[in-house]
Amino acid sequence: MSGKEESISNENPWTAVRSRIASEAAQRLERLGVSVPLDQLEREISVPPEGMGDLALPLFRYAKKLGKSPQELASVLGEGFPMGGALAHAAPAGGFLNFTVSVPWLAEATLSRIFSGKERYGHTLKPRGRVCVEHTSANPTGQLHVGRSRNGIIGDTYARVLSAAGYDVRVQFYVDDIGRQAATLVWIWSKPVHDWPENVRERSGISSDGPKPEGMKPDEWRGKPYPSASEVVKQEETAAREVSDLTSRFERGEIPPAEYRKVPKDILDGVLATLGRVHIHFDEFVWESDLILDGSVRKTVGELEHAPHAVRLEGGALAIDASAQGLPPDLAKVLITRSDGTHLYIARDLAYHTRKLAEFDRVIDVIGEDHKAHFRSLLAVLSEMGLPRKPEVLHYAFVSLPEGKMSTRAGRIVTLDDLLDEAHSRALKEVTERRADLPPDEAEHVAESVGAGAVRFHLLSVQPDKPIVFRWEDALSFEGKSGPFVQYSYARASSLLRKAKDSGEGPLLADLEKGITKYLPLPEPLDPREVDLLRSLSRFPALVRRVSEDGSVHLLPLYAHEVSDRLNSFYQAVRVLGGEAQSLPLRLALVASARQVLGNTLHLIGVEPLERM
RNA sequence: GCGCCGGUGGCUCAGCUUGGACAGAGCAGCGGCUUCCUAAGCCGCCUGUCGUGGGUUCAAAUCCCACCCGGCGCGCCA
């Protein structure tokens with residue numbers, strides 16, 4: 001791909017128009033006697049309500065300075081405003097000066113970028129550095145539930161967007177195999193089942209040693225004794241001692257890592273299989289225990305002992321007084337080790353982050369809002385350690401059930417496995433009813449894709465800050481603002497293009513992909529739905545850019561819905577094949593472009609585009 | 001008690017970073033559309049004290065203050 005094409009496909013067509021309006025307006029305002037910084041003016045340009053043009057410049061502020069009415073200033077400023085090229089029309093309205101772009105320009109600028117960029121349309125091709133995204137990192141204690149899967153879906157999407165925005169992204173899963181929770185499970189499984197406490201045997205439903213039952217996932221099987229074993233450890237001192245002895249022996253190198261990690265590994269394998277169903281994959285697994293075995297944790301704790309604000313608490317625990325770092329009084333002292341000298345979770349996390357910060361240009365953690373305080377402490381201590389860069393965080397709120405907080409103990413839990421299975425079977429029912437002609441294996445594939453798409457789309461479409469109350473009927477919606485709605489629009493566009501090729505329009509399509517220019521001027525006037533679709537398609541590069549900067553991943557499903565919605569309306573309103581001959585090139589180009597942009601968006605949100613459904 | 005985050009039609013949510021023109025969608029409800037490119041679709045109707053009260057401003061869902069409700073957290077768990 002040549003340099004020129006690169007710059008075209010990642011350049012947002014609107015930026016040039018905006019700066020042209022801003023600089024012309026700035027000159028004209030200057031002549032009238034008020035000088036305004038160019039970037040301020042550019043920022044103030046907004047999008048007017050439907051039917052009033054494409055861009056709007058509010059003039060209230062400047063009217064006041066000039067002692068004119070906003071209406072008057074708008075007409076004076078609009079008088080003789082140079083049109084041509086991208087700009088077709090300027091009209092004062094109230095205190096605004098509204099601009100309408102030329103439709104041929106919009107079509108050419110948008111479609112040519114899509115055709116030359118293809119699956120990279122909207123992407124930034126210029127390298128922007130190395131970034132590490134850490135997400136999910138669930139404790140290996142059992143199956144993933146819907147709440148924790150929100151983490152993975154947000155994290156995976158963010159990683160995809162960062163990659164599209166030009167970053168070299170590495171996705172990490174931090175496996176906490178050494179903390180109290182995982183250790184409890186390693187401990188219980190280290191004993192023969194007949195030595196388990198009776199109530200653990202009873203409640204786990206595991207009564208004898210033996211291989212994993214047929215058809216059960218390893219995370220489900222290995223996780224069964226967790227709730228009861230964890231209670232035993234909390235209540236019985238001997239059990240608690242056995243768990244910490246086990247941990248200490250491992251840390252001293254007396255248990256081979258492969259043996260110690262057998263149970264966590266089984267669980268991780270099960271969790272990864274489930275995450276694979278929603279297209280979540282990792283580049284690297286960082287085992288927490290490795291940070292201990294290779295001395296990283298010891299080194300970090302050693303450094304902290306000599307930190308300027310290190311303090312010893314009564315009993316001997318090491319803490320960092322972070323009040324100088326601006327932490328509120330209740331968080332001011334950050335404990336690093338226990339009184340007995342063993343390190344706390346944050347000590348290991350500090351070692352991990354020190355390593356990541358040395359290796360990457362940006363370090364991003366996707367973590368639940370219950371860890372907000374922990375993250376603040378982490379930041380404060382890292383800065384106490386004198387690290388120049390800081391990790392960034394994307395927090396998300398919890399998923400609860402209508403009956404309340406999810407709880408394994410109370411049996412109030414929805415696992416991602418159950419949700420995906422249910423989604424699959426409902427989707428299969430739909431597919432077989434609607435498309436009896438599809439071969440069974442394709443129907444199966446479509447059902448899996450549609451089910452997973454519905455789940456991912458649903459969990460992604462709420463702003464991460466907001467708590468979600470999980471309801472089956474919302475998560476499994478296949479219509480309206482849903483994953484399947486978008487997949488359906490994509491499939492219809494694909495189908496139409498297949499039909500076009502079958503009816504001999506293949507050469508025209510191939511020609512269009514080389515450039516729309518030779519089919520200009522467009523058959524005027526365009527249907528308003530054609531123009532609306534173009535407008536939506538043209539927004540994509542700016543959206544990708546924005547999401548990569550602020551992590552607002554929930555905007556992507558929203559956008560996918562908008563494009564689908566406009567494609568469907570267009571498709572309903574005008575005839576592509578067998579319609580007016582002079583409209584065929586533009587309409588085919590629109591369908592092909594919309595399909596491309598939907599495909600690109602679906603890729604970012606991790607939902608599979610389907611050629612047929 | 002303190003801190004952080006949320007509170008927008010019957011339900012679920014965009015919009016708030018950077019104040020701007022009648023607050024947008026989806027679901028549910030009601031009424032239409034299939035001799036025609038996939039009806040998981042399209043078109044139309046109905047539904048709003050933007051939690052409450054103050055303030056700043058020519059202009060507030062958006063910024064500031066107070067309060068109410070919900071979520072999350074508050075040193076030897078992770």
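Per chain, numbering begins at 1; letters A, B, ... match sequence-line order. Side-chain atoms are counted along with the backbone in the values below, which use heavy atoms only and exclude waters and symmetry mates.
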For [X], give me all partners under ring pair (Phe, Tyr, Trp, His ring centres under 6.0 Å), at least two apart in sequence or on another chain.
| X | result |
| --- | --- |
| A:Phe375 | none |
| A:His395 | none |
| A:His374 | A:Tyr345 |
| A:Phe470 | A:Trp472 |

Rounding to an integer number of angstrom, what distance separates [N] and [M] when you compare their [atom1] atoms?
| N | M | atom1 | result |
| --- | --- | --- | --- |
| B:G48 | B:G10 | P | 7 Å |
| B:C69 | B:A25 | C1' | 26 Å |
| B:U12 | B:C50 | C1' | 16 Å |
| B:U8 | B:A60 | C1' | 14 Å |
| B:G9 | B:G24 | P | 15 Å |
| B:G15 | B:A23 | C1' | 8 Å |
| B:U62 | B:C76 | C1' | 44 Å |
| B:G3 | B:G75 | P | 16 Å |

Nearest-0.5 Å distance, [atom1] of residue [X] to [atom2] of residue [Y]:
| X | Y | atom1 | atom2 | result |
| --- | --- | --- | --- | --- |
| A:Arg348 | A:Ile178 | CZ | CD1 | 7.5 Å |
| A:Ser477 | A:Phe457 | OG | CZ | 9.5 Å |
| A:Ser230 | A:Gln235 | OG | CD | 9.0 Å |

Got a list of side-chain donor-acceptor pairs under 3.5 Å for residues 550-561 of chain A, not counting sequence neighbours?
unit_1   : atom_1 : unit_2   : atom_2 : d
A:Asp550 : OD1    : A:Ser552 : N      : 3.0
A:Asp550 : OD1    : A:Ser552 : OG     : 2.6
A:Asp550 : OD2    : A:Arg546 : NE     : 3.0
A:Asp550 : OD2    : A:Arg546 : NH2    : 3.3
A:Tyr559 : OH     : A:Ser536 : O      : 2.7

(message) Please encode protein proximity along nucleotides 72-77 of chain B as a string of B, S and -, counting only heavy-atom distances under 4.0 Å.
(response) SBSBBS
(request) Quick one, give me the B/S/- string for nucleotides 20-27 of chain B, reading 5' to 3', where B means a protein heavy atom under 4.0 Å from the base and S means that only happens at the primed atoms, P, OP1 or OP2. (result) BBB--BSS
Roughly, in whole Å, what's the span from [atom1] in [X] to [atom2] in [N]?
| X | N | atom1 | atom2 | result |
| --- | --- | --- | --- | --- |
| A:Tyr571 | B:C43 | OH | P | 14 Å |
| A:Leu590 | B:C37 | CG | C1' | 15 Å |
| A:Asp532 | B:C42 | CG | C1' | 15 Å |
| A:Glu44 | B:U62 | CD | P | 19 Å |
| A:Trp472 | B:U12 | CH2 | C1' | 18 Å |
| A:Lys65 | B:U57 | NZ | P | 16 Å |
| A:Tyr396 | B:G71 | OH | P | 18 Å |
| A:Gln572 | B:G44 | CD | C1' | 13 Å |

(request) On RNA chain B, check which nucleotide each of A:Arg376 and A:Ile346 is closest to and give me the residue with the more 5' one. (result) A:Arg376
(request) Return the 5'-most residue of the pair A:Glu288, A:Val431 with respect to RNA chain B, ranking by each residue's nearest nucleotide. (result) A:Val431
(request) For residues 450-464 of chain A, pull every pair meeting salt bridge (Lys or Arg N to Asp or Glu O under 4.0 Å), keeping only residues two or more places apart or in separate chains. (result) A:Asp156-A:Arg456
Using a heavy-atom cut-off of 4.0 Å across all strands, would you classify [X] as base, sugar-phosphate, or nothing?
| X | answer |
| --- | --- |
| A:Glu611 | base |
| A:Val574 | base |
| A:Arg471 | sugar-phosphate |
| A:Val450 | base |
| A:Phe485 | sugar-phosphate |

(request) For B:G41, decide between syn and anti, treating a glycosidic angle within 90° of 0 as syn. (result) anti
(message) Just to verify, what does A:Glu530 make a side chain to side chain contact (heavy atoms under 4.5 Å, CB included) with, not counting sequence neighbours?
(response) A:Leu526, A:Asp527, A:Phe570, A:Val574, A:Leu586, A:Arg587, A:Leu590
(message) The criterion is side chain to side chain contact (heavy atoms under 4.5 Å, CB included); which residues satisfy it with A:Arg338, sequence neighbours excluded?
(response) A:Arg180, A:Asp340, A:Thr342, A:Leu344
Would you say that [X] contacts [Y] through its side chain, given a criterion of any heavy-atom pair below 4.5 Å between the two side chains?
| X | Y | answer |
| --- | --- | --- |
| A:Phe478 | A:Arg426 | yes |
| A:Leu379 | A:Val393 | no |
| A:Val175 | A:Val286 | no |

(message) Is the phosphate of B:G41 approached by A:Asn568 (side-chain N or O, under 4.0 Å from OP1 or OP2)?
(response) no
For nucleotides 7-9 of chain B, print each protein N/O atom paired with a nucleotide N/O atom at under 3.5 Å, atom names and distance only.
unit_1 : atom_1 : unit_2   : atom_2 : d
B:G7   : OP1    : A:Lys466 : NZ     : 3.0

(message) Stem list for RNA chain B, please, built from Watson-Crick and G-U wobble pairs under 3.5 Å and keeping only runs of at least 3.
(response) B:1-7 with B:68-74, B:10-13 with B:24-27, B:29-33 with B:41-45, B:51-55 with B:63-67
(request) For the pair A:Leu584 and A:Leu577, evaluate side chain to side chain contact (heavy atoms under 4.5 Å, CB included) and give the outcome as yes or no after the intermediate values. (result) CA-CA 7 Å; A:Leu584 183 64; A:Leu577 300 174; 4.3 Å; yes
(message) Given 3.5 Å as the limit, does a donor-acceptor pair link the side chain of A:Asp365 with the main chain of A:Ile367, or not?
(response) no
(request) With the side chain of A:Ser569 defined as its heavy atoms from C-beta on, choose the nearest nucleotide among B:A39, B:A14, B:C42. (result) B:C42
